[in-house]
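So that the names make sense, note that chain A is the first sequence line, chain B the second, and so on, each numbered from 1. Being a predicted model, the structure only gives us computed values, none of them experimental.
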Amino acid sequence: MLRTHTCGELRAEHDGQRVTLCGWVDTYRDHSGVLFVDLRDRYGKTQVVFAPEGGGNALAQAKLLRGEDVISIAGAVAPRPEGTKNPKMATGEIEVRAQHLEVLNKSQNPPFHPTAKELPGEDLRLKHRYLDLRRPKMQQTLMLRHRIVKIMRDYIDELGFIDIETPMLGRSTPEGARDYLVPSRVQPGAFYALPQSPQLYKQILMVAGYDRYSQIARCFRDEDLRADRQPEFTQLDLEMSFIDADDIMGVIDGLVARLAKEILGIELTLPLPRMTYDEAMERFGHDAPDLRFGMELIDLTDIAREAGFQVFRNTAEGGGRVRGINAKGAADRYSRKLIDELTRFVCEDFGARGLAWFKVDAEGKLASPIAKNFSEDSLAQIAERMEAEPGDLLLFVADRFDVTCKALNALRKRLAGELKLYKPGDMHFSWVVEFPMFERDDETGGWAAMHHPFTAPRKQDFDLLDTAPQQCRAQAYDLVINGMEAGGGTIRIHNSDVQSKVFRLLGIDEATAEDRFGFLLEALQYGAPPHGGIALGLDRVVTLFGGGDSIRDVIAFPKTQRATDLMTGAPGQVDIRQLKELGLNVPR
RNA sequence: GGGGGCGUAGCUCAAUUGGUUAGAGUACUGGACUGUCGAUCCAGUGGUUGCGGGUUCGAGUCCCGUCGCCCUCGCCA
C-alpha cells in the first residue's frame, strides 16, 4: 500500500499515528533548518514538516522538491505547535512530521500551477488539461458532476426505469442538426451518423415493451459552438409508456427537487411552475425565460396606435407590436451614451430598427428627445401602463412580434445583469409547455417541426392539423432553469395515421418518410403504446447547479469554439491508406 | 458565413500622442534563514511583442493579410 490516508482526512484525533501520504507538492517553504510542504491530492492539503529531528536525509532530499513533484512521505501525525494552527485549512490542526520521503516522480516546471491565484488563459488550461484538472475547483466540479449523475441514476432506478444502451453508429437523418458522419469501410461510400439523440431507438424500445427506459447518453451535433453548446454532450434520456405529459413532468419535478435538496440544500415546492409558450413569448419574449427577476415585457400597441408618434403608429397599424420594459430606477445609471450602446445592441445584434426610451423625472413625467411627438395624454397612458415611477428608465421596441421578442429579451437579460436584479446563488426552475407544433421554414417557406417530426399535437388540436397548423400546439414541455433550456421532451405520435399527416404537413412525402423512418413507421403499426419522454442536458444541469457559466468547465475534455481538442490536436490528419480503405478521396 | 474582443517574459499583466536599452508581480536558477502557510530577504536568468507584409526617420502602438482563443448573430428538429 503506497498510502494510508489521503491529504484531506487527517485531524487532531489522528495524533501520534504513523501515516503515509501521497500527492503533489503544492507549495514548499524552506526555512533552512525546517521545511514545510503542503501536499495536495483531490481530497485536500496537508502540511508536511521536514526537520532535522525527523532523522535520515529526508530534510536534505526535501530541499530539492519543487511544485507538482509527486511524492510519498511517511511520518507521524502531530498537533501543530500553539499559535501555528491554520484555520483556513481543513487539516490545519495537525501536521505530519516526515521521517521518510520518496520522490515518486519529479515534475518539470509546469506552465502554470494548479493553485495559482491567477487563472491562466482558457487555451492554456485546455492544452495542459491534466494540470487544469488538478485545480481544486475543477476537481470539485467533476465530483459534483459525479454526485448529480449518481442522484439521477438512483432516482430513476427507484422509479423502475431500466438502463438500455443504444447504438453510437446509426443512420443519418437530414432533419435537425448537422450529423457527425463515420464512413463505413465494409460498404465504401456509405456512412453511419453519430446520434444527435437516442430518439428513434427509445421509441422503438417503447414499442418493444420496455415501458420505462433511461440512459445517460452521449449525443453529437455538428453545429457551431457556444458557451452552452459542445459538439458532443451528455443527456439524461428518458422514455415512458402509458403516460401523459403531466406524468413525465412529475418524474422530472421529483428529480429536480431531489437535486435541489441534496446539492443546493433548497426545498422546492412541487409541482414546478408551468407557463405556456404563448405566455412566455408575451411576458418575456423568449421560450426559456429567466424568472429569477421580473422586468416583464409590456404591450403598448393599443396606445401606440393613437400616440401620434409616427414610428409607433405605423408599426401598430402595420400589424406589428410596440412593447417595452421598465428598468426600475435605472434612469440615472444610463447616460445618453449608454443608451446609444443599448440601441446599437438591439439593432445590430437583434434586428430592431430602433430603441425608443423615456426617463421618468422627479414629477413622474416622461422625458425623452422623442417625447415631443406624443400627446400629453399618450405619455400619461404610457406611464400608467408601464407603472412608471420617478427614476425609471422605459425602453421600447416597435417592430414585428418576433423582432420585439428577440430584442427585448436580449435587453431584459442584459439589463438584469447590469442592474444586478438577481443574486449569484438564485435558482429558478419552471416548465414551458404547449409549444407550437410547427414554425415557418425560412428556406423553403413551408412548415418545419418545432421540436421533431414525431411530436404529438394536443388531442384537442388534432383537427387543426388540417385547418390551421400554425395554431396547433404540441404536447411538449421544456425544463427551464435560470433562463436556460435544461431539457425538453414531448409525447410522441403513436398512431401511424397522425404521423403520416404530420409528415405531409412537413413536406416529407411518403417515399422519403419510408426511406428515412420506415422502420419506425413500421414499428408503430405493431402495437405501439402511447409514449413520450424527455432529455435533460447533463452538462447544462451541472453548470447551473455548480454556478458556472460555461459547460466547458464541467466537461473533462471539452472542445474549443472551432471544435478542436487543444490537448490531443483532434481532429487531425489521417494516413492516406486509411482513406483508401474507406474509399474516400479528400482534398488535403 | 457575419459582427466584436483579445494575443507583450513560463504564467498574469503594464508600457503616455508612434519616440531612449519593452517593465512589474509571480514562476524559475543561485544564496540567506529552525515554525512557515500566497513565507520572507538578497542576487540572477528569461522577449522574433502570435505570424507575414506595409506606412514611417522611428511601430508593441497605425494599416492590410493571416493564425489562435473567447463572446455573439445566423445555425443548433
Side-chain angles (χ1 to χ4, degrees), chain A residues 26-39 45-54 59 63 66-68 78 80-89 91-92 95 97 107-128 131 173-179 196-197 199-200 219-231 233 344-351 406-407 410 414 435-439 441-443 447-455 474 476 485 488 490 502 506 508 535 537 549-550 552 559-562 564 566:
Chain A
D26 191 60
T27 55
Y28 56 93
R29 298 175 288 281
D30 185 353
H31 290 247
S32 185
V34 61
L35 186 150
F36 303 92
V37 167
D38 287 344
L39 194 60
K45 285 198 275 191
T46 298
Q47 174 166 285
V48 180
V49 186
F50 294 89
E53 310 87 84
L59 175 60
K63 282 182 180 295
R66 292 297 178 270
E68 301 313 301
R80 293 196 188 184
E82 217 42 57
T84 66
K85 296 188 194 308
N86 187 344
K88 282 186 285 186
M89 286 174 85
T91 61
E95 62 195 13
R97 308 257 163 91
S107 171
Q108 291 203 359
N109 184 30
F112 61 91
H113 284 274
T115 56
K117 224 179 15 172
E118 288 158 328
L119 195 62
E122 190 173 10
D123 44 353
L124 196 73
R125 293 171 50 204
L126 291 173
K127 182 169 184 203
H128 303 277
L131 294 175
T173 55
E175 286 80 20
R178 199 175 290 115
D179 283 321
Q196 296 182 26
S197 87
Q199 181 62 34
L200 299 179
C219 305
F220 303 84
R221 291 177 192 176
D222 187 4
E223 296 291 346
D224 285 356
L225 287 75
R226 290 281 192 288
D228 60 353
R229 274 162 33 189
Q230 281 276 301
F233 58 100
R344 188 212 59 75
F345 176 65
V346 295
C347 293
E348 285 181 22
D349 294 351
F350 299 94
K406 280 184 185 175
R414 176 173 172 160
F435 282 70
M437 279 287 285
F438 308 103
E439 60 191 344
D441 186 327
D442 290 337
E443 282 170 37
W447 294 110
M450 191 139 178
H451 204 81
H452 58 58
F454 317 107
T455 299
E485 180 193 334
T490 63
V502 169
L506 295 173
I508 302 173
D549 41 35
S550 165
R552 292 189 297 275
K559 304 280 193 288
T560 68
Q561 200 162 56
R562 283 189 64 245
T564 61
L566 293 181

Protein proximity profile, nucleotides 24-37 of chain B - base contact B, sugar-phosphate-only contact S, no contact -, cut-off 4.0 Å on heavy atoms
-B-SSSS--BBBBB
Going 5' to 3' through nucleotides 65-71 of chain B and flagging B where a protein heavy-atom sits under 4.0 Å of the base, S where only the sugar-phosphate is that close, and - otherwise, we get ---SSBB
Find the partner of [N]: check Watson-Crick (N1-N3 plus N6-O4 or O6-N4) and G-U wobble (N1-O2, O6-N3) distances, both under 3.5 Å, and reply none if neither fits.
N	result
B/G74	none
B/G44	B/C28
B/C69	B/G5
B/G19	B/C57
B/U36	none

Quickly work out the [X] [atom1] to [N] [atom2] distance and round it to whole Å.
X	N	atom1	atom2	value
A/Asp179	B/C75	CG	P	18 Å
A/Arg125	B/G7	CZ	P	19 Å
A/Arg414	B/G4	CZ	P	16 Å
A/Glu223	B/G74	CD	C1'	11 Å
A/Lys127	B/G7	NZ	C1'	15 Å
A/Leu119	B/C11	CG	C1'	11 Å
A/Leu124	B/A9	CG	P	12 Å

[atom1]-based separation of [M] from [N] [nearest Å]:
N	M	atom1	result
B/G60	B/U20	P	10 Å
B/C69	B/C37	P	41 Å
B/G18	B/C13	C1'	22 Å
B/G68	B/C75	C1'	23 Å
B/G47	B/A9	P	10 Å
B/G50	B/G10	P	13 Å
B/U29	B/U45	C1'	7 Å
B/A59	B/C63	P	16 Å

Which is true for [X] with a 4.0 Å heavy-atom rule: it touches a base, it touches only sugar-phosphate, or it touches nothing?
X	answer
A/Phe454	nothing
A/Asp349	sugar-phosphate
A/Gly121	sugar-phosphate
A/Lys45	nothing

Would you check if A/Thr560 and A/Asp123 make a side-chain contact, meaning some heavy-atom pair closer than 4.5 Å?
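A/Thr560 does not reach A/Asp123 side chain to side chain.
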Measure the shortest side-chain to side-chain distance between A/Asp38 and A/Arg29 over non-hydrogen atoms and say whether it is less than 4.5 angstrom.
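A/Asp38 vs A/Arg29: side chains touch.
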Between the base of B/C76 and the side chain of A/Arg221, is there a donor and acceptor pair under 3.5 angstrom?
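Looking at the base of B/C76, it does not pair with any donor or acceptor on the side chain of A/Arg221 (distance under 3.5 Å).
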Listed partners of [X] passing salt bridge (charged side-chain N to carboxylate O under 4.0 Å, His left out), at least two apart:
X	value
A/Arg125	A/Asp132, A/Asp553
A/Asp26	A/Arg40, A/Lys45
A/Arg66	none
A/Lys127	none

For [X], check ring-ring contact (aromatic ring centres under 6.0 Å, His included) against everything at least two apart and list the hits.
X	value
A/Phe36	A/His31
A/His452	A/Phe454
A/Phe50	none

Main-chain N/O of A/Asn109 paired to A/Glu68 side chain as donor or acceptor, under 3.5 Å
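Side chain of A/Glu68 to backbone of A/Asn109: no pair is present.
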Lys/Arg-Asp/Glu bridge criterion (N-O < 4.0 Å) met for A/Glu122, A/Arg552
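Judged by the 4.0 Å cut-off on N to carboxylate O distance, A/Glu122 and A/Arg552 do form a salt bridge.
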